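As structure tokens, the structure follows; a few thoughts come after it.
As the structure is a prediction and not an experimental result, all values here were calculated from the model.
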Amino acid sequence: MAKQGLVRIPFYPQLNCLRDLGSDIPLVMSALLFWMSRAKEPTFCPKRHNHQIALHLGMDHQSFAAAFEKLNDQGIFRRHERIIEPKEKTDDSRVKVEELYDLNFSACQQLLAQHGFDISLKLLINAADDSFDCYDVIEEKFLPTIQSLHGFLSGADYERAALDMAALTVYINEFHEDFAFKAIAPGWKLLLAIPMGAQWQDYARELYVRFMRAGERAIDFSFTDGNFFVPDHAEIKSKIHMVKHYGNKHEARVMAAAMMMALACRFPEHLTFTSELSVSQLIPALDLVKEAFTDLDLSPALREDYYTSRRLSVQQQASEEQVFATWLASQTGA
């Protein structure tokens, strides 16, 4: 039985450009765009959700289902299958297969462009961003550029990571002074300065102690745009370590990426790196890591999670993978 009262639903007026596909299409597409941009994984199941959303939209089930199929025919959704094993296995029990769909944002972007509405991929992906007011306009310039490290470290692994981050930051501050001035927050810039007569490797080992304080073991670092925090999982439980860049400081983004990719490459079995930056934009960060850690294998820096998180088309992903492969090949014997 449907709930009684006012139903509040998301609606994007720009999707009226799709009205020539059907009068119900803008409303249905609005609901699905909001649903699918909120979820990182495919969660929409027509069999389970068509009736639910149709009720919320004040439509009959058949009209909603027809609108969904019309949109599906445009190639903007990706179909996935989930295998559901029976709770109890008997002679009569059977495995169920559930159809799930998510939005191919690149295909949706192309469809909207064909109907006269040009919009960036980033805006589509952030269509459900609830940091904007209900009547506000989601503008790309107000959306942060996000880079993340997924996973956790503890014990001896955390201690090695802390030493690596101390070494990398001291190295960059010492040997890339102009870059460091633009990338590193002033307080940290002073802290990273090597005392007169000291070697940078020795000072990095001194700085490492900062990340080892009992009860609060964490790599904490501030850029000129954004902050980085990776704790020892044994003390602070956190599996996603995110840096949000709200400005346009290229150097801060490169510095953050360098620190994250260095850790992802040092501990590929525990950590993965994702970023909104393209491979070309990340190459300066890869260069810094290669320079500081000459023996570190950098091939795990950009793995499948990096490409899928950017919601690229098949062609775009292949092109980006080739850029990374070309860079890796150029480092052979370097």
query = Short question: side chain of Gln147, backbone of Arg253 - any donor-acceptor pair under 3.5 Å?
reply = yes
ask   = Are any non-hydrogen side-chain atoms of Phe267 and Arg160 less than 4.5 angstrom apart?
value = yes
ask   = Which atom names give the shortest non-hydrogen contact between Ala39 and Arg311, and what distance separates them?
value = O-NH2, 3.9 Å
remark   = Tested for side chain to side chain contact (heavy atoms under 4.5 Å, CB included) against Val170, the lone hit among Tyr203, Tyr208, Phe175 is Tyr203
key: Donor-acceptor contact present, side-chain Thr169 to main-chain Met165, <3.5 Å   = yes
Lys/Arg-Asp/Glu bridge criterion (N-O < 4.0 Å) met for Arg48, Glu98 = yes
ask   = Does Arg310 pair with Glu276 as a salt bridge, N-O distance under 4.0 Å?
value = no
task = Can you establish whether the number of heavy atoms outside Lys237 located under 6.0 Å from its atom NZ is more than 12?
result = yes
Test item: Ser106 and Gln316 side chains (from C-beta on) under 4.5 Å apart, heavy atoms = yes
ask   = Among side-chain atoms of Asp287 and Trp327, is any donor-acceptor pair under 3.5 angstrom?
value = yes
task = Please report the closest heavy-atom contact between Arg210 and Arg213, naming both atoms and the distance.
result = O-NE, 3.3 Å
key: Step-by-step side-chain contact (heavy atoms from CB on, under 4.5 Å) determination, His51 to Phe64   = CA-CA 8 Å; His51 180 69; Phe64 180 87; over 6 Å; no
request  = Check whether any side-chain heavy atom of Glu81 lies under 4.5 Å from a side-chain heavy atom of Leu100, and answer yes or no.
outcome  = no
ask   = Any Lys/Arg nitrogen of Asp202 or Arg205 sitting under 4.0 Å from an Asp/Glu carboxylate oxygen of the other?
value = yes
query = Between Phe68, Phe77, Phe34, which is the residue that forms a ring-ring contact (aromatic ring centres under 6.0 Å, His included) with Phe44?
reply = Phe68
query = Can Tyr101 be reached from Leu21 by stepping across I, L, V, M, F, W or Y side chains whose heavy atoms are under 4.5 Å apart?
reply = yes
ask   = Does Asp225 pair with Lys249 as a salt bridge, N-O distance under 4.0 Å?
value = no
ask   = Do the side chain of His270 and the main chain of Phe152 share a donor and acceptor less than 3.5 angstrom apart?
value = no
query = Hey, would you say the Phe181 and Phe179 ring centroids sit under 6.0 Å apart?
reply = no
request  = Decide, yes or no, whether a salt bridge links Lys182 with Asp178 under the criterion of side-chain N to carboxylate O below 4.0 Å.
outcome  = no
ask   = Of the non-hydrogen atoms in Val279 and Tyr306, which two are nearest, and what is the gap between them?
value = N-OH, 3.2 Å
